[in-house]
Amino acid sequence: MSVPDYMQCAEDHQTVLVVVQPVGIVPEDQFFKIYKRIAGVSQVSIRDSQRLLYIRYRHHYLPENNEWGDFQTHRKVVGLIAITTCASSKEWPQTAERFHGQKEVYSSTLYDSRLLVFGLQGDIAEQQRTDVAFYPSYEDCSDVEKRVEDFVESIFIVLESKRLDRATDKSGDKIPLLCVPFEKKDFVGLDTDSRHYKKRCQGRMRKHVGDLCLQAGMLQDALVHYHMAVELLRGVNDFLWLGAALEGLCSASVIFHYPGGTAGKTVGRKPSISQPADAGKRHRPGAQEVLIDPGALTANGISADTSTEIGRAKNCLSPEDIIEKYKEAISYYGKYKNAGVIELEACVKAVRVLAIQKRAREASEFLQNAVYINLGQLSEEEKIQRYSILSELYELIGFHRKSAFFKRVAAMQCVAPTIPEPGWRACYKLLLETLPGYSLSLDPKDFNKGTHRGWAAVQMRLLHELVYASRRMGNPGLSVRHLSFLLQTMLDFLSDQEKKEVTQSLENYTSKCPGGMEVITLPDGLKLPPVPFTKLPIVRSVKLLNLPVSLRPHKVKGLLGQNMSTASPFIYSPIIMHNRGEERCKKIDFQWVQGDVCEVQLMVYNPMPYELRVENMGLLTSGVEFESLPAALSLPAESGLYPVTLVGVPRTAGNITVNGYHTSVFGVTSDCLLEGLPGLKTSGCLVEVIPSLPRLQLSTSLPRSAHTPQPMTKEELSSTVSVQLFNGETQQLTITLENIGSEDIETLELTSKIVSTKEKVFGEFLSWELEEALSHLPLKPGQSVTLTVGIKVKLDFSGQENLLQDLNDDGISVTGLPISSPLRQVLKPRAETKTVSESGKAEYSHVKTLEAVLNFKYSGGAGKVEGYYRDLSLGVHVDVEPSVFFTRVSTLPATSTRQCHLLLDIFNPTEHELTVSAKNNQDLVLHASECQRMAIQVDKFDFESLPQPDQETARFTNPKQLEEERQHAQGCQINSKLGICWSIISFHSAI
């Protein structure tokens, strides 16, 4: 016997074997349709008896296996059911002849046979025959099951008669020696009268009768006969048959303890009626092997009355003893080279029993033994079957990795070099089945959950084999998917050289079949999920960037409360789960604008040992229509964190969520979702997109400056202009405003703010007329408007306490004298000279700085309807140099009592020649660094006529502030009467 039946189990020992085969030409589907109905009759309750007969059906059975029927009777073909198609009576003789020839194959063991004829009608079909049943068609055969039951009952009658015939004492008759095929030549010439020979015959027959009793449903009788056979055969060292007797004893005990069966079938066997009521108990503590009294045996060893033995045989082997006896039986089988199939099947049966007992480690020992059993030269198909069954059995006992190992061996056997046509599809299918055993799945999401499971080296080998098998199958798309999976999930375990080889292979495959994000469905229905390259490159943080300051939308203050959601009054709520998913869904506190370019910054790094080129990298969003503007980047080898900015334009308003990004690396397109990225840092990925707003761009007539007015930042200003002026000088700034957006500018407001507070400014620093510009509104896209802003600087360069000292020295009353004139600088008393030393000149050359911000507030389009506007800021930086100093002020009486002469010592600290003029006075020319005296005849000042604050205002106002206001008013009156101005001749400018 060379072909093992790997599906054997212990309870098969109580079945009778019936072969169902086609005769002639029978459609395969019709044959298996009838075969399935026949196989449904797996157990029959015998009439006039309390016994059940179990039947095992096979549609293919080797005749050489049938020769082992005496060794174990469940291997003997005792029934034959033939199925044939016969269209006419002319074909009937040939059909009958074929049926007869079929019976001849198993004639030595057959108890009975049946022929089921389909399609024949007429006189022949109307004949009543017990061995032949006629049916008009395969559909019209309602009593097939009834015919099979009658057939099984006839088998039982023959079986029972043989059992009784073998078990009955026939004194004087010699007991024949039962043999297995390879033993027959060894027994030629033996002394048949020796006591040793007779005991051998008795032991083998007793074991044979035990088999018949077990098949006939007499479990207790079978146990007795097996026990007696063991004793007899052990005495004569008949190890092969002793092993069979022990295996029979184990099988009977398994049937007793596990009436549901050990094959793992969904429908268990019904417990035999002849079994005692407690047969359903899985474990019977205290069960002992029965010791048979030798005195109970007759001269030929077969006792007709087994009632005394039955009484003592109620306790069969315990579950633990069953395994011990299996081990012993298998050790005896191992002594015979030709009993390899028997030994292998016994191992399989023991494993199934141990699986029910949940004794996995002992089961693995039996399987390990089965691996090394030599069955001679096996065909490739038989090797595949053997390894597949070993894999299933290891899976049954929970050895998943071992199961996967043998399934992989079976897969490799499918494409062995000796096979002329390798079965790559079968190989691929078996390799897929090994994945769970090696802690592998085809879903990359399973590899983001904590630490890596399984042996990475073995997993990589298996994935490489899947890639190769898919390529040999002619499916490059599968190869790309598996290779992508290998690169994504095993990247941390690949050496630098392996990374290079894998990526080169991937690029070769994708050049013929690009990889994508579609789900691949295999012919058997298995779906391969997409594999996004979230590690090429690795993204560590995602940050949505606010728009530039000049483009940020602002809400009109009166409308702020309209869109504000009610916030929770609690600082912390334990119900809120602070996980990454909710952080990503958190709404960001700034807005994007429809139609404007928006930016998302990713911090990425390249884990590869060479430059990584990422093509077509863009954003994945949801919520609003979004136009992603893909980018291409090249990351240096092992770059470390590297900032990458992805941009896009929202085309509609609403809430937009940045879900991830897409890339194209090595020819594989990936959609990488943020929720699947481990260790990702983000401050939120949900932002509001407001309706579109216009965009304003400005240009100026003055040069741009690198200065940034404090405390402003460069980001807050669209640009800054710089100009250098002398104190009191006026400069015109021309600003061109251009609408570079897609919406009309409907409103425009201009405000200014001086940001340098150290210096006191007199008069208006910046002035403009906005009416002309407003008349051009609404400003269409592409149109521009011009606005003129006047810059006039009047700073106080005076030292007031020194002035008071100088005037007091002259003995002049200065009560009520305004000293806040912006055109005066008083120095310490010194001799009157026409020139000033270099050190004095350095004192005068101090430059003061004045800074301000022009703010343009504008709006339009749908954003204006929603209450939004934009700000555009222009910084103005003015360096103010001193123009003229009045070093000394004195007065002389004039001819008129209403007038006086004002004597002014004027110093020119500039490097240019200038002229000074006053009302009704001749111009005074001053060279650089020159000081001259100027006399001006003026009316006396009447400060009493200036408006005075009322008592109520004076009571609630700071006295210092009142004094400053009074001095300012007096200074303005002095300035208006004097009318002093200067001009630099070379600049042709007058102040």
Side-chain angles (χ1 to χ4, degrees), residues 1-19 56-77 106 109 180-183 211 239-241 243-244 246-248 250-251 254 261-265 326-355 363-397 402-403 405-407 409-410 413-414 416 430:
M1 189 164 62
S2 60
V3 181
D5 181 2
Y6 294 102
M7 303 311 295
Q8 283 259 330
C9 50
E11 54 267 25
D12 286 344
H13 282 250
Q14 69 176 347
T15 62
V16 293
L17 180 59
V18 175
V19 174
R56 190 169 89 259
Y57 297 95
R58 293 287 184 271
H59 55 78
H60 179 73
Y61 196 74
L62 292 176
E64 62 183 84
N65 289 359
N66 197 36
E67 297 175 1
W68 289 73
D70 288 338
F71 182 71
Q72 289 175 326
T73 56
H74 71 283
R75 301 181 184 278
K76 183 186 300 184
V77 179
Y106 305 106
T109 59
V180 294
F182 71 85
E183 285 183 322
D211 287 349
F239 295 118
L240 181 62
W241 284 78
L246 288 170
E247 187 182 355
C250 292
S251 298
V254 169
T262 62
K265 297 176 183 177
Y326 263 126
K327 287 182 181 178
E328 187 179 353
I330 291 168
S331 67
Y332 293 146
Y333 291 151
K335 296 177 181 291
Y336 298 88
K337 182 176 66 175
N338 295 317
V341 171
I342 304 295
E343 181 185 0
L344 180 59
E345 290 181 357
C347 288
V348 171
K349 294 169 193 173
V351 168
R352 296 187 188 278
V353 174
L354 284 165
S364 70
E365 294 175 1
F366 279 94
L367 281 176
Q368 194 66 29
N369 180 65
V371 171
Y372 295 109
I373 296 174
N374 183 15
L375 298 181
Q377 292 296 323
L378 295 177
S379 67
E380 299 300 333
E381 185 177 348
E382 289 169 344
K383 290 178 182 177
I384 294 169
Q385 184 189 20
R386 181 179 185 182
Y387 295 132
S388 298
I389 293 297
L390 283 171
S391 171
E392 291 177 10
L393 292 172
Y394 271 115
E395 186 71 26
L396 184 66
I397 62 175
K402 198 85 167 181
S403 169
F405 170 80
F406 281 104
K407 188 143 294 190
V409 173
Q413 204 65 50
C414 292
L430 287 171

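Note that the structure is a prediction, hence the values are computed from the model and not measured. In this chain, numbering begins with 1 at the start of the sequence shown.
When all heavy atoms of T109 and K76 are compared, the pair lying nearest together is CB-CG, 3.2 Å. Of all non-hydrogen atoms in I397 and S364, the two that sit nearest each other are CD1-N, 3.9 Å. The two atoms that bring S251 and Y326 nearest to each other are OG-OH, 4.0 Å, heavy atoms only. Nearest approach of A363 to V351, heavy atoms of both residues: O-CG2, 3.6 Å. Heavy-atom minimum distance, S403 versus E395: OG-OE1, 3.3 Å. Counting all heavy atoms, side chain and backbone alike, A263 lies closest to E11 at N-OE2, 3.3 Å.
Between K407 and Y387 the shortest side-chain heavy-atom distance does not fall below 4.5 Å. Taking 4.5 Å as the limit, some side-chain heavy atom of K402 sits within range of a side-chain heavy atom of Q368. Contact annotation: the side chain of L378 approaches that of L375 to within less than 4.5 Å [non-hydrogen atoms, C-beta and beyond]. Using a 4.5 Å cut-off on side-chain heavy atoms (C-beta onward), D12 and R56 make contact. Between I389 and M7 there is a side-chain heavy-atom pair separated by less than 4.5 Å. Inter-residue side-chain proximity for V77 and R58 is flagged as unmet; no heavy-atom pair is nearer than 4.5 Å. Counting only heavy atoms from C-beta outward, the side chains of V180 and D70 never approach each other to under 4.5 Å.
Put simply, CG on L390 and CG on L344 are 7.5 Å apart, with the number rounded to the nearest 0.5 Å. Note that SG of C9 is 11.0 Å distant from CD of E345, once rounded to the nearest 0.5 Å. The line from OH of Y372 to SG of C347 is 13.5 Å long, rounded to the nearest 0.5 Å. Note that the NE2 atom of H74 and the CD atom of Q8 stand 4.0 Å from one another [nearest 0.5 Å]. Taken from CD in E64 to CG in N66, the straight-line distance is 10.5 Å, to the nearest 0.5 Å. For the atom pair CD of E343 and CD1 of I330, the computed distance is 7.0 Å after rounding to the nearest 0.5 Å.
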Go through L240 and Y332 one step at a time and tell me if the side chain to side chain contact (heavy atoms under 4.5 Å, CB included) criterion holds. CA-CA 6 Å; L240 181 62; Y332 293 146; over 6 Å; no
Show your working on salt bridge (Lys or Arg N to Asp or Glu O under 4.0 Å) between D5 and R75 and close with a plain yes or no. CA-CA 10 Å; D5 181 2; R75 301 181 184 278; over 6 Å; no
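The aromatic ring centroids of F71 and W241 lie less than 6.0 Å from each other.
Residues forming a ring-ring contact (aromatic ring centres under 6.0 Å, His included) with F366 (at least two apart in sequence, or on another chain): none. A search for side-chain hydrogen bond (donor to acceptor under 3.5 Å, both in side chains) contacts involving E247 returns H13, Q72, Y333, K349, not counting sequence neighbours. In this structure F406 satisfies the ring-ring contact (aromatic ring centres under 6.0 Å, His included) test together with Y394, sequence neighbours excluded.
Remark: the T262 side chain and the R352 side chain contain no N/O donor-acceptor pair separated by less than 3.5 Å.
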